[in-house]
Undergrad: 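Here it is: the structure, laid out below.
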Amino acid sequence: MLNLVLFGPPGAGKGTQSAKLIERYSLVHLSTGDIFRANIKGETELGLLAKSFMDKGQLVPDEVTINMLSAEVKKNPDAKGFIFDGFPRTSAQASALDELLNSMDSSISLMLALEVEEAELKRRLLIRGKDSGRADDQDPAVIQKRIDVYNAETFPVRDYYQAQNKYKGVDGIGEIETIFNQLCTEIDSL
Ligand code: ADP
C-alpha cells in the first residue's frame, strides 16, 4: 500500500494537492475536515459535536476523531492506499494511526509537508472564506486560533515522522503544478 500523510498548516493547500495526488496514484482521500463538514451538513450527532469545536478553531477531541477515521479506513478494505489529509493533528492521533495500519499489516509510507509562511496562510484563508462560505475561514480570530493550535499541537507531529525518516517538506508557495510535481518526485523516489 501507498499511505501518505499530507501535512501542513491550515491553508497550505492540502486539499488542492490531495485531489491531484489521488488521481495520479489511485488512492483513497480521507480528509477529516471534509468528513466533519459532511456530518455537519447531514446534521448527524457527530456533526453537531464537531461543529462546536470547529467554529472556535479548536480541535475535535482525539477519541472522536480517531474513531471516525478508523471507521472510514475500514470502509475501504480494497484501497491501494490512502492520503490522510488533516490527520494526524496530534501525537495521540499519530500513534493511533500507526496502530490501525499495523493491524492491517501496513504502515505510513511518507509524510509530505507543504511549507507556507503564516502571513500567506492568513491571506489565503480569508480569500477561501469569501469564496467557499466556510465560517471558520471568515473570522480572523478563528483563523489565528487555528494557526496557534497548529503550532502548539500539530507541528510537533512532524518530529514523530522525522524520527522514522519519513518526513519530506516541500515549498507550498508557487504554481499548483510545480508543487504537485515536487510531491510526485518525492513519492516516486520511495
Ligand atoms: P484547515 O486545515 O484548513 O483548518 P480542515 O478542513 O482540515 O481545515 O479542518 C477544519 C477543522 O476541522 C479544524 O479546525 C478542526 O476543528 C477540525 N479537524 C479536522 N481534522 C481534525 C483532526 N485530525 N483532529 C481534530 N480536529 C480536526
Side-chain angles (χ1 to χ4, degrees), residues 3-19 21-22 28-42 44-73 82-101 108 111-158 160-161 170 172-173 176 179:
N3 293 313
L4 306 172
V5 173
L6 199 55
F7 192 69
K14 301 185 292 290
T16 304
Q17 295 296 336
S18 291
L21 289 167
I22 51 166
V28 173
H29 180 206
L30 292 184
S31 157
T32 41
D34 285 353
I35 299 166
F36 286 138
R37 278 185 291 277
N39 276 277
I40 292 172
K41 212 169 160 212
T44 68
E45 204 175 315
L46 173 65
L48 207 64
L49 177 82
K51 187 173 176 3
S52 65
F53 294 94
M54 289 166 77
D55 282 350
K56 288 184 273 191
Q58 297 169 351
L59 294 182
V60 179
D62 277 337
E63 202 195 332
V64 176
T65 306
I66 290 166
N67 287 339
M68 183 275 280
L69 192 276
S70 305
E72 292 295 327
V73 168
F82 293 92
I83 293 189
F84 299 99
D85 163 5
F87 185 95
R89 259 175 154 101
T90 64
S91 307
Q93 292 179 15
S95 33
L97 181 58
D98 268 357
E99 233 175 84
L100 173 69
L101 294 175
I108 288 298
M111 167 180 266
L112 289 167
L114 295 170
E115 296 168 344
V116 180
E117 53 167 25
E118 200 169 308
E120 171 68 8
L121 296 173
K122 289 179 181 162
R123 199 182 67 81
R124 290 184 186 181
L125 290 171
L126 285 169
I127 293 171
R128 188 167 77 185
K130 285 203 190 87
D131 294 347
S132 74
R134 251 180 77 169
D136 61 345
D137 285 340
Q138 292 182 22
D139 180 343
V142 173
I143 289 176
Q144 186 62 54
K145 174 72 182 168
R146 278 153 62 206
I147 292 173
D148 292 346
V149 168
Y150 173 82
N151 289 331
E153 292 186 56
T154 306
F155 187 72
V157 174
R158 154 199 171 127
Y160 183 91
Y161 291 94
V170 160
I173 298 186
I176 288 172
I179 299 165

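Order of listing sets the numbers, starting from 1, for every ligand and every atom in it. When reading the values below, keep in mind they use all heavy atoms of this one structure, side chains included, and skip hydrogens, waters and symmetry mates.
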Undergrad: Any idea which protein heavy atom is nearest atom 20 (N) of ligand 1, and the distance to it?
TA: Thr32 OG1, 2.7 Å
Undergrad: What do we get for Gln58 next to ligand 1 when only non-hydrogen atoms under 4.0 Å count, side chain, backbone, both or neither?
TA: backbone
Undergrad: Return a yes/no value for Asp34: is any of its N or O atoms, backbone included, closer than 3.5 angstrom to an N or O of ligand 1?
TA: no
Undergrad: Does the side chain to side chain donor-acceptor pair (under 3.5 Å) test come out yes or no for Lys130 and Gln138, once each step is laid out?
TA: CA-CA 7 Å; Lys130 285 203 190 87; Gln138 292 182 22; over 6 Å; no
Undergrad: So which protein heavy atom does atom 17 (C) of ligand 1 come closest to, and at what separation?
TA: Met54 CG, 3.6 Å
Undergrad: For ligand 1 and Val60, I'd like to know whether there is a polar contact (N/O to N/O, distance under 3.5 Å).
TA: yes
Undergrad: Show me which atoms of ligand 1 lie under 4.0 Å from any heavy atom of Thr65.
TA: 22 (C), 23 (N), 24 (N), 25 (C)
Undergrad: Could you give me the CA-CA distance, side-chain angles and deciding distance for Asp137 and Arg146, then say whether salt bridge (Lys or Arg N to Asp or Glu O under 4.0 Å) is met?
TA: CA-CA 10 Å; Asp137 285 340; Arg146 278 153 62 206; 3.0 Å; yes
Undergrad: Between the candidates Arg134, Lys51, Lys14, which shows the shortest non-hydrogen contact distance to atom 8 (O) of ligand 1?
TA: Arg134
Undergrad: Please confirm whether Gly11 approaches ligand 1 to less than 4.0 Å, judged on its heavy atoms.
TA: yes
Undergrad: As an exercise, identify every atom of ligand 1 less than 4.0 angstrom from a heavy atom of Arg128.
TA: 3 (O)
Undergrad: Near Phe87, which atoms of ligand 1 are under 4.0 Å from a heavy atom of that residue?
TA: 23 (N)
Undergrad: Could you tell me which atoms of ligand 1, counted from 1 in the order shown, lie closer than 4.0 angstrom to a heavy atom of Gln93?
TA: 22 (C), 23 (N), 24 (N), 25 (C)
Undergrad: Rounded at 0.5 Å granularity, tell me how far CD1 in Ile147 sits from OG1 in Thr154.
TA: 12.0 Å
Undergrad: Within this structure, what is the CZ-OG1 distance for the pair Arg89 and Thr65, rounded to the nearest 0.5 Å?
TA: 9.0 Å
Undergrad: Does any N or O atom in Phe36 lie less than 3.5 angstrom from one in ligand 1, N or O only?
TA: no
Undergrad: Looking at non-hydrogen atoms alone, which of Arg89, Lys145, Met68 comes nearest to atom 21 (C) of ligand 1?
TA: Arg89
Undergrad: Start with the C-alpha gap between Arg37 and Asp34, add the side-chain angles, then the distance that decides, and say whether salt bridge (Lys or Arg N to Asp or Glu O under 4.0 Å) holds.
TA: CA-CA 5 Å; Arg37 278 185 291 277; Asp34 285 353; 2.9 Å; yes
Undergrad: Can you find an N/O atom of Arg146 closer than 3.5 Å to an N/O atom of ligand 1?
TA: yes
